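Have a look at the structure below, then the notes.
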Amino acid sequence: MNIQGKLAILADAAKYDASCASSGTERRDSLGGRGLGSTEGMGICHSYAPDGRCISLLKILLTNFCQYDCLYCVNRVTSNVPRARFSVDEVVQLTLDFYRRNCIEGLFLSSGIIQSPDYTMEQVVEVARVLREEHDFRGYIHLKTIPDAAPELLARAGRYADRLSINIELPTETGLATLAPEKDAPAIKRSMARLRVHIDDAKEAAKGDEAVVSMPKSRPKRAKAERFAPAGQSTQMIVGADAADDRAILATSAQLYGSYRLRRVYYSAFSPIPDAASSLPLKPPPLVREHRLYQADWLMRFYGFGHEEIVASDDGLLRLDVDPKLAWALAHRERFPVDLNRAPRELLLRVPGLGAKAVERVLAARRVRRLRSDDLKRLSVPLGKALPFLLLPDHKPRVIDDAQVAAALKPAPVQVQAALFA
Amino acid sequence: MSTVRIALEGEIDWDGFRAAARRLIAQGVPPEEASWSTGTEADLFDTPSVDAWAGSAEATTTVPAAFVDLCERVRLHRDPSRFALMYRLLWRLQHEPALRHDPLDADRLRAQAMAKAVGRDLHKMRAFVRFRPVHDGLPEPLHVAWFEPEHHIVEANAPFFMRRFTHMRWAILTPRRSVRWDGSSLTFGPGAARSDAPSSDAGEALWLTYYRHIFNPARLKLDQMRKEMPRRYWRNLPEAELISELTAHALPRTGRMVDAPATVPKRRIALLAMEEPVSRSAASKPLPNDPQKALAALRMATDRCRECPIGEHATQSVFGEGPVTARLMVVGEQPGDKEDLQGRPFVGPAGHLFDKALEDLGWDRTQLYVTNAVKHFKYELRGQRRIHKTPTQREAEACLHWLESEIEQVKPQALIALGATATRSLIGHAVPVLKARGTWLTGQHSLPVLVTVHPSALLRGDPAQRDEAYREWLADLSQAARYMAGAGRG
Ligand code: SF4
């Protein structure tokens with residue numbers, strides 16, 4: 001098969017992975033080297049596909065042959081999709097070529113499991129090694145690690161990669177046992193823990209390096225810290241392939257953030273795949289559920305919400321019609337309105353429509369003067385959403401009324417998918 | 001009142017702006033009386049002689065560093081009024097002290113919006129420039145791109161491309177400016193025409209293949225795409241040609257996928273299915289006769305154990321560690337954060353304190369068997385931190401059989417119980433540790449159990465009394481010295 005044909009199959013196979021980020025790593029460039037590439041902290045999305053998702057990395061599988069039989073996965077052994085396998089060199093050349101054209105920030109490589117987890121992981125690591133060592137490639141590399149691979153292979157992967165990920169895929173152990181019989185939930189967690197320990201150690205050691213630099217006379221106490229996945233680790237959870245509700249999903253995310261310091265948990269609404277297994281749900285979940293989960297995740301990471309307080313309903317699901325912050329505020333009307341000129345940061349962060357940046361600006365501005373509703377307008381805060389929850393010198397909200405608030409807001413975006421599967 | 005006209009040299013003349021602005025401020029020229037122009041259409045300087053402003057200029061204009069950064073961006077904006085706005089802000093910063101503390105001031109917000117637009121344009125140029133190789137006779141091709149920026153950003157963005165593509169020769173052509181990198185220096189030139197840039201090549205077909213296949217037709221979100229990749233960039237993005245075709249076929253493709261009958265699997269593989277969660281009955285399966293192997297089997301079994309709710313939330317079980325021949329077994333409460341991550345007992349802060357105690361007592365940790373009453377880490381999340389939580393009596397009871405199996409295999413001569421949970425597990429009922437500490441009790445298995453506090457209690461305790469508490473703890477532990485006297489079983 002020619003490279004074009006392989007690329008078609010192995011990009012197809014990779015498109016269900018939600019991660020595309022290329023941010024959060026160390027700064028480097030190709031000055032003084034012999035190769036290509038740079039990273040400046042913030043990733044760049046070089047294109048967007050009609051599915052609205054950013055294309056930042058060449059996201060492909062090394063091979064879509066796989067001996068596992070995870071039901072939600074298009075590459076499972078029992079699927080009838082066409083198969084292909086790249087050589088290490090082909091992936092390297094594709095990456096370099098796309099990079100030179102300025103189409104990508106780097107590579108996100110994953111693979112079906114062939115022969116053994118160790119064999120597969122070795123191949124994946126080899127691509128990264130060739131890119132870094134033979135071509136002095138300084139762009140971004142994200143490797144999907146195989147959880148059952150040997151710890152030494154994880155350690156090598158961290159040396160070349162900016163980010164490592166291990167997909168947990170399903171939020172509960174039971175879900176995993178049912179849909180992905182060969183995947184071992186404890187092994188996944190153990191690998192994440194290992195990565196965290198490596199990442200923490202590398203960070204600690206890097207701090208040590210800096211300390212040494214500031215005292216030029218003293219001899220360095222230890223060798224320069226080995227770099228290890230400076231952009232940290234991430235994971236993905238598939239939403240709607242099993243019965244787990246949003247509450248369970250968010251609890252798992254919180255646990256992953258807390259336990260393994262993940263940079264990101266990606267949520268991927270289970271998507272119809274060609275050649276689907278019969279035991280999967282007939283209907284994919286609405287994409288808006290995925291969106292709500294990202295918003296809820298955001299609340300946990302940047303707005304001080306605990307995972308247990310976000311989902312209020314009995315059915316354990318986030319409301320689809322309003323975002324989770326507004327849903328929380330509507331469920332806790334007794335805490336509002338809050339005084340924009342007096343309320344502490346934690347409370348302002350809970351006002352619907354007030355983003356973290358807006359809150360910081362409000363805090364800065366109100367040190368000099370009292371803020372009025374005009375000021376809010378200038379911060380481009382959605383007034384219809386925020387005002388019912390705020391007290392201002394020139395504004396006193398009436399009783400918060402669900403219908404009124406809803407009317408002031410745009411209707412929830414109607415999606416093509418919703419229409420298609422209703 | 002006469003108007004002072006300032007003619008800058010070109011669209012992004014930063015030094016010119018700074019010099020003129022300093023002089024105007026020193027001269028006390030209010031913003032309404034200054035008019036700014038760029039490039040050739042500008043009138044000649046129509047102001048008092050330069051000498052009149054020299055000297056006093058530097059001292060008067062101090063501005064926050066953030067303001068300078070802001071202006072560096074704003075000057076790249078295509079809006080002809082940008083220099084006037086910058087000067088007005090500078091003037092107001094000198095005359096209205098409150099301005100620098102008011103993030104909601106209208107002028108400030110406008111400048112910020114302009115800076116933001118420029119930042120976005122800089123970013124989009126980094127993203128959407130597409131190089132195509134041109135073979136111009138040299139061994140390595142020249143990479144050429146055509147791009148149409150909204151603002152005057154070519155000069156500002158060139159170093160980015162230089163850092164990224166240091167060992168590549170490249171050129172970026174735009175309608176107003178062009179820039180070239182030959183591997184050692186950047187050269188700026190006048191604008192170019194689109195036809196000066198190369199058209200697509202075979203290599204680009206690969207990129208189009210990738211674009212076509214990384215798109216998931218079941219998730220059409222065109223608005224989202226247009227928001228991030230506005231239409232005005234499309235004509236210079238080769239892949240954008242595919243958008244309408246991909247979009248048109250997305251719905252039928254998805255429909256076919258959903259309607260298709262479920263697959264008949266090609267071949268069935270044996271399910272390696274996760275071992276059944278280990279229960280008490282499963283654990284009572286015959287263990288290997290060799291105690292070393294038996295411990296290994298038990299360790300694996302605890303990892304799968306879900307007899308209490310702690311198991312599922314922890315990373316892994318933390319099983320005991322030490323020689324099977326140990327005469328003394330130390331039992332703590334449960335693993336902590338570090339232990340949970342590493343899978344080994346007593347490696348966290350409490351473990352360090354414990355190691356220090358062993359050192360002070362002259363004991364060798366490799367001769368001890370160290371374990372915990374509960375095998376998984378129980379915690380509560382506070383933000384991103386995991387806070388240790390004491391296991392309930394029921395959980396400790398559920399876990400007890402694992403500890404008993406360890407005792408059975410290791411057959412120690414004595415045990416040390418660290419803290420209340422360990423003591424209760426070993427003695428069989430609650431014992432007030434603070435009263436019983438330093439004394440030997442008899443455990444359920446009729447082995448002697450030395451009771452003392454858990455090292456984490458010392459870490460939590462009053463810092464002023466830490467040394468004293470530590471000495472008391474050492475005294476407690478030292479009661480077990482004779483079991484440490486000989487190596488292995490005497
Ligand atoms: S704490 Fe003990 S009883 Fe509970 S799951 Fe873990 S090993 Fe089993």
Side-chain angles (χ1 to χ4, degrees), chain A residues 4 7-8 11-12 15 29-31 34 36-38 44-52 54-55 59 67 69 77-80 97-98 100-103 173 177 181-182 184 186 189-190 193 196-197 254-255 257-259 271-272 274-278 287 361 364-365 367-368 375 378 416 420, chain B residues 98 101-104 109 126-127 129-131 143 163-168 203 206-207 209-211 213-216 218-222 224-225 228-229 237 239 243 246-247 250-251 254 257-258 262-263 265-269 271-274 303 312-313 315-316 341-343 381 384-386:
Chain A
Q4 196 107 18
L7 180 59
D12 251 327
K15 70 183 171 210
D29 55 46
S30 42
L31 295 178
R34 54 191 169 79
L36 175 74
S38 62
I44 297 176
C45 299
H46 285 268
S47 195
Y48 289 83
D51 53 19
C54 140
I55 300 177
K59 181 160 63 175
Q67 64 198 36
D69 199 20
V77 68
T78 54
S79 155
N80 295 306
D97 181 58
F98 286 1
R100 276 189 209 105
R101 289 174 184 274
N102 200 41
C103 292
E173 288 190 346
E182 294 89 355
D184 180 356
K189 287 199 272 186
R190 200 160 34 235
R196 174 180 164 190
V197 170
Q255 197 195 328
Y257 285 127
S259 301
S271 167
D275 207 32
S278 50
L287 281 188
R361 286 191 178 179
R367 257 172 245 138
V368 230
D375 294 308
R378 263 183 255 152
V416 182
L420 190 62
Chain B
H101 302 294
D102 186 356
L104 299 180
L109 284 175
R126 293 174 183 198
V129 151
R130 291 281 185 273
F131 287 114
H143 283 79
R163 288 191 298 272
R164 173 159 289 196
F165 301 108
T166 311
H167 305 283
M168 204 168 94
L206 276 174
W207 171 244
T209 302
Y210 178 67
Y211 185 80
H213 289 274
I214 201 63
F215 156 61
N216 184 349
R219 307 176 51 108
L220 210 54
K221 272 187 175 174
L222 288 166
Q224 179 75 20
M225 178 186 69
E228 302 293 347
M229 189 167 74
L237 288 171
E239 65 269 23
I243 292 172
L246 289 175
T247 307
L251 289 184
T254 311
M257 267 191 295
V258 174
T263 287
K266 239 183 201 161
R267 71 187 169 92
R268 219 41 245 174
I269 48 164
L271 297 190
L272 297 172
M274 178 173 141
D303 204 31
E312 182 168 353
H313 299 292
T315 300
Q316 52 195 326
L341 293 174
Q342 295 182 27
L381 280 171
Q384 293 225 355
R385 296 208 344 243
R386 302 196 291 182

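This structure is a prediction, so every number in the text was calculated from the model and none was measured. Every chain is numbered from 1, with letters handed out A, B, ... down the list of sequences.
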Contact origin within [X] toward chain A - heavy atom pairs under 4.5 Å:
X        : value
B/Leu206 : both
B/His101 : both
B/Met168 : side chain
B/Leu246 : side chain
B/Glu312 : both
B/Leu381 : side chain
B/Glu228 : both

I'd like to know which of [options] tops the heavy-atom pair count under 4.5 Å against chain A.
options                                : value
B/Thr315, B/Asp102, B/Val129, B/Leu109 : B/Thr315
B/Arg386, B/Gln224, B/Gln342           : B/Arg386
B/Gln316, B/Arg126, B/Met225           : B/Met225

(request) May I ask you to check whether over 12 heavy atoms, not counting those of A/Arg34, lie within 6.0 Å of atom CZ? (result) yes
Identify which part of [X] has an atom lying under 4.5 Å from any heavy atom of chain B, answering side chain, backbone, both or neither.
X        : result
A/Arg100 : both
A/Asp375 : both
A/Arg196 : side chain
A/Cys103 : both
A/Leu31  : both

Do you know which of [options] has the most heavy-atom pairs with chain B at a distance under 4.5 angstrom?
options                               : answer
A/Lys189, A/Arg101, A/Arg378, A/His46 : A/Arg101
A/Ala193, A/Pro50, A/Ala11            : A/Pro50
A/Ala364, A/Ser47, A/Ala365           : A/Ser47

Under a 3.5 Å distance rule, please check whether [X] uses its side chain to pair with a backbone N or O of [Y] as donor and acceptor.
X        : Y        : value
B/His167 : A/Ser30  : yes
A/Gln255 : B/His313 : yes
B/Arg164 : A/Ser38  : yes

(message) Looking at A/Lys15 and A/Asp51, is there a salt bridge between them, counting it only when a charged N and a carboxylate O are closer than 4.0 Å?
(response) no
Could you tell me if the side chain of [Y] sits less than 4.5 Å from the side chain of [X], heavy atoms only?
X        : Y        : value
A/Asn102 : B/His143 : no
A/Tyr48  : B/Leu222 : no
A/Ile55  : B/Glu239 : no
A/Leu7   : B/His213 : no

(request) Kindly assign one of parallel, tilted or perpendicular to the pair B/Tyr210 and A/Phe98, based on the angle between their ring planes and the thresholds 30° and 60°. (result) tilted
(message) Please find the pair of heavy atoms, one from A/Ala49 and one from B/Tyr211, that lie closest to each other, and give the distance.
(response) CA-OH, 3.6 Å
